[in-house]
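These notes are about the structure you will find just below.
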Amino acid sequence: MEEKKTCSTCRYFRQHYVRRARNQFVPIPCGHCGNPRLRDKKPEAPACQRYSEKKDG
């Protein structure tokens, strides 16, 4: 079964985090796109025409 294309699986998506403790960061349900730098992207949002699959490693 093919994996669903979403912002979280795109190489350009940058997850946003909040600091919970001195050295602990927790992901929050938003981020931005780095191609071009667009705001207000949700990880579960459907991928746009600029989608490029994230490479592991």
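All figures in this text were calculated on a predicted structure; none of them were measured in a lab.
- Every residue meeting the side chain to side chain contact (heavy atoms under 4.5 Å, CB included) condition with R50, not counting sequence neighbours, appears here in chain and number order: N35, P36, L38, C48.
- Taking every heavy atom of both residues into account, Y12 and S52 meet most closely at CE1-CB, 3.8 Å.
- From R14, atom CZ reaches atom SG of C7 across 12.0 Å, with rounding to the nearest 0.5 Å.
- To the nearest 0.5 angstrom, K41 atom NZ is 12.0 Å from H16 atom NE2.
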Could you list the donor-acceptor pairs under 3.5 angstrom formed by side chains in residues 23-30, with sequence neighbours left out?
none

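- If you take OG on S8 and CD on Q15, they are separated by 8.0 Å, rounding to the nearest 0.5 Å.
- Contact record, E53 with R11: O-CB, 4.1 Å, taken as the closest heavy-atom pair.
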